[in-house]
Structure formats: C-alpha cells, structure tokens
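Reading through the structure tokens given below for one structure.
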Amino acid sequence: MFACASRRAVGCAEGRLFSTSVIRNADFTHAVVGGGVVGLAIARKLQARDGASTVLVEKHGTVGTETSSRNSEVIHAGLYYGETSLKTKLCLRGKEMMYELCRKNDIPHMNCGKWIVAQDEQQMEALEKVHSFASTIGVPTHFVSSEEAKQREPDVRAEAGVLESTSTGIVDSHSLMQYLEGDFEESGGMCAFNAEVTAVEPIQSGSGGWKITTVSGGEESSITAETLINSAGLAAIPISNMILPSDRHLKPYYAKGSYFSYSLSRPKPSILVYPAPIPGHGGLGTHLTLDMAGRIRFGPDVEWVDDPMDLRVNDKNLTTAIDDIQSYLPGIDRDAIGLDYAGIRPKLGKMGAVASGKGFQDFYIKTEEGFENFVNLLGIESPGLTSSLAIAEMVERLLYK
C-alpha cells in the first residue's frame, strides 16, 4: 500500500487505487516529488487546475524538514544573480507574490530592509556594482550617508559606505509552508509522507505517464501519474539520475552552512546586515539576519560536505565567522556567539552564489529531451524560498505551453 497518510494520519482518499503495476488510467494527474517550500508551491499551483488530482510525495514525516526550514528566511530583493538569469527573473516575480500572499493570509513576515556594508574601497566598488545592477532591473536601492547610518544603526560599522535595499524582508518559513500545505489539501491535494522514492519509470517515454515506486516502513508500493515534477531538493539529482540516461547523469554537491546565535540583547540592529559580496564565494558571507521575534542570528558559513544529512553544526569556522561579524558589528561580545543550527544547500558544482564571480550556477528548471510530461528542478537553493511561488508558475507553463 502506498504511504499516503497525511501528517494528520488520514488514510488514503476513499476510492483511490494504488497499484504495483501500470494501470490504464493514472492514479493522479500530477505527482510532485519533494515537500519543501518549492514542491509545496508547485503542488498547490497544479492542484488549482480544473480536474486536477495532485499527490505530493515526501520521504519525511512532514513538509519542509530540510533546506526549506534551515535557512536565513530572507525575502531576497534579487540583487546578486545577473540580469538574464532565472534566479533574477523568478526572485523578482516571487518577491512580489510572496509579500502579497503573506499580506492576504496573515503569514508572519516583515519588510525590514537590508544594509550591505563596505569597509574599504574595494568593497565599496562592489556596492557600486550592486547599486548599478539594481537600477537596471528596477530594484530600489540607495546609499545611506554616514550621518544617517550612525543615527539609525549606531552599532553597525560601515567605514566606506552603506547600500540599502528597501524591498528585502523576512518571512516565517514554517508558517508559510503550513499555509501552502493547508491550501493544497483543502483544494483536494494529497500529501504522501514517509514515502521515499526508490524508482521512477517513464511509461512510453512519459507520454503514457509515470510510475513512481516508493518504500515506507519496509513496504514497497507504486502509483502512476500523468505528469511528474522532480522538486526533491537535496535528493533531486539522485532522482534525476534514476530517469535520465547515464551520459546525462550529474553529480550532486552539498554546501553546508552553519548558523550562529547571540545570547545578549545588545547590540541589536533592526535591519538585516550583509557584508559586500565576494565574487566566486559559495554564499553571501556571514550576515546578520533577524527572526520574527527580533532575535539576531548570524550565518551561514560555507562547508562542502558529501552527506546531505550531515546537519551537525560545525564550530571549525566559528572563529573566522566571529571575525567577519565583528568587522561590521564591532560591539558584539565574542563569548555570547554560539552554535545554533545548520542547513545544506543543493548545488550543481562548487560554484559561486553571485553572478559577478566565476562559475555562477543558475537554477535548473527544465523539461528534458526525450521525456514528456516531466519537469526537472535541480540546484534549487537561494533564492528558492523567495522564488517559490514564481517557480510554481513557471512549472505550470512548462507543462501546459
């Protein structure tokens, strides 16, 4: 029996058939593999279509337990990813959709803004480039004078300059995912938890649908779906490799980022603070973010790991991280900074996070040659949370051109 019970321990939908062999009529119109924020957004979008029956297949017992809940929870402005990239296009669209969804449905969020700070001339040049790029894509940014910066955030050091991004914000990712899950299920979608995908078989190269085999509690079972969306995050490349021929297989890379807590009440900026971007770096530097309660946290650092489930918070970069933090927040008590949590970002290579560096990797969101009714999403990392609703729109367009 396919593991289709939802988190509320509801059994299979009455009358729904699950089979270990291919059936003439598919069990579902859509199967979305991966219950992170992007998979949830896609499943919700597809379930809204007339006559849709969508199943969200998730190997864990609840949604969003991996990358989606282990990040900075930032609504990104779209400043770093180059003019023509999917990351920029989807971040810009997704940001507006995110704010609108949160406002309409009382999802906790805050349009708090962000400062990018420079300590020397070279870093100031990087800020100038960010500002120039922002103007070309219509993202509001402006430089803050030294006097204003000291008045607004006296604890923040910015020796050479401050660039403010007013459309940056934060969102409670857990509340967002709870809303997406609830809306999806209320419209008739089904969540299949504790169902790890072990095999995927295209029926007539996908023109006849897809057979998805899962294991749950040692029991193997299968379903069929007319369309398949691989949005499995950290497991997306292994699942893609189940489907594509060997000459199109990819190697997954995993960038672990550790986050750091701060136990004192001061200093306490009221805005996000990022260092100037470093070309070729795997992240955006050890930045200061806020949660919805106003608590500050720092991170992430970047550590390349082989195991996507290695969520141990690593202290080997703690001293370096504190040095980085103290460059823009000199009044912190170093002893009050401690280990908090870690998250892992799926990567297609050891590439940079900003388009100004070498080896920038864009989102991979494609239909695949030789296969029908299939959308493959790989390397969906930051700004995936911000872009999630726009990614769902794109997937629907790819399926129904």
Side-chain angles (χ1 to χ4, degrees), residues 67-77 79-80 102 107-119 123 127 144 148-159 161-176 256-278 281 283-303 311 313-315 317-343 345 353 382-383 385-386:
T67 308
S68 296
S69 60
R70 293 175 169 270
N71 58 74
S72 301
E73 298 186 301
V74 172
I75 301 175
H76 286 286
L79 299 174
Y80 301 113
C102 290
I107 298 168
H109 70 290
M110 186 189 308
N111 182 194
C112 56
K114 175 176 79 173
W115 279 8
I116 311 171
V117 296
Q119 310 301 342
Q123 292 182 6
L127 264 59
V144 179
E148 182 185 349
K150 289 177 182 178
Q151 181 181 17
R152 289 175 55 189
E153 298 291 348
D155 295 319
V156 175
R157 174 195 283 163
E159 296 290 343
V162 175
L163 181 66
E164 182 166 7
S165 167
T166 56
S167 63
T168 302
I170 56 175
V171 63
D172 183 335
S173 62
H174 298 82
S175 296
L176 170 65
K256 182 164 78 170
S258 292
Y259 290 82
F260 311 103
S261 61
Y262 191 62
S263 60
L264 300 181
S265 60
R266 291 287 184 271
K268 191 176 183 181
S270 60
I271 196 166
L272 311 186
V273 183
Y274 280 55
I278 303 172
H281 196 267
L284 296 177
T286 304
H287 46 266
L288 180 156
T289 60
L290 307 169
D291 64 16
M292 292 306 302
R295 292 184 293 264
I296 66 173
R297 57 191 172 195
F298 304 100
D301 60 3
V302 176
E303 176 191 359
L311 293 172
V313 185
N314 198 329
D315 65 357
N317 295 324
L318 180 57
T319 299
T320 300
I322 294 175
D323 290 342
D324 291 343
I325 295 163
Q326 208 158 31
S327 71
Y328 60 79
L329 203 64
I332 59 167
D333 182 339
R334 297 176 69 95
D335 294 333
I337 298 177
L339 303 179
D340 196 355
Y341 63 96
R345 303 186 290 281
S382 182
L385 175 63
T386 307

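The first residue in the sequence is number 1, and the count goes up from there.
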Would you call the rings of Phe298 and Tyr328 parallel, tilted or perpendicular if under 30° counts as parallel and over 60° as perpendicular?
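Answer is tilted, since the angle falls between 30° and 60°.
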
Between [X] (side chain) and [Y] (backbone), is there a donor-acceptor pair under 3.5 Å?
X	Y	answer
Glu148	Val144	no
Asp340	Ser258	no
His287	Leu272	no
Asp291	Arg295	yes
Glu164	Trp115	no

Worked verdict on Leu339 versus Phe260 for side chain to side chain contact (heavy atoms under 4.5 Å, CB included):
CA-CA 5 Å; Leu339 303 179; Phe260 311 103; 3.7 Å; yes

When rounded to the nearest 0.5 angstrom, what is the spacing between [atom1] in [X] and [atom2] in [Y]?
X	Y	atom1	atom2	answer
Asn111	Ser167	CG	OG	7.0 Å
Ile322	Ile332	CD1	CD1	6.5 Å
Asp301	Asn314	CG	CG	7.0 Å
Glu303	Asn317	CD	CG	6.5 Å

Any side-chain donor near an acceptor of the partner, [X] and [Y], under 3.5 Å:
X	Y	value
Ser270	Glu153	yes
Arg334	Gln326	yes
Glu73	Ser173	yes

If we check side-chain contact (heavy atoms from CB on, under 4.5 Å) with Ile325, which of these qualifies: Val273, Ile296, Ile337?
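Single pass found, and it is Ile337.
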
Which heavy atom in [X] sits nearest to a heavy atom in [Y], and how many Å separate them?
X	Y	value
Arg345	Pro300	NH1-CG, 3.6 Å
Ser72	Arg297	O-NH2, 3.4 Å
Pro269	Val156	CG-CG2, 4.1 Å
Lys268	Gly294	CE-O, 3.1 Å
Thr286	Gly299	CG2-N, 3.8 Å
Leu311	Gly343	CD2-CA, 4.3 Å

Would you say the side chain of [Y] lies within less than 4.5 Å of the side chain of [X], judging by non-hydrogen atoms?
X	Y	answer
Tyr262	Leu288	no
Val74	Thr289	yes
Val171	Cys102	yes
Ile116	Pro277	yes
Thr168	Ile75	no

Which residues pass the ring-ring contact (aromatic ring centres under 6.0 Å, His included) test with Tyr259, sequence neighbours left out?
Tyr341

Determine whether Ile271 and Arg152 satisfy the following criterion, side chain to side chain contact (heavy atoms under 4.5 Å, CB included), listing intermediate values before the conclusion.
CA-CA 10 Å; Ile271 196 166; Arg152 289 175 55 189; 4.0 Å; yes

Arg157 and Glu159: CA distance, side-chain angles, deciding distance, salt bridge (charged side-chain N to carboxylate O under 4.0 Å, His left out) verdict
CA-CA 6 Å; Arg157 174 195 283 163; Glu159 296 290 343; 3.6 Å; yes

Residues in side chain to side chain contact (heavy atoms under 4.5 Å, CB included) with Ser175, at least two apart?
Ile107, Pro108, Asp172

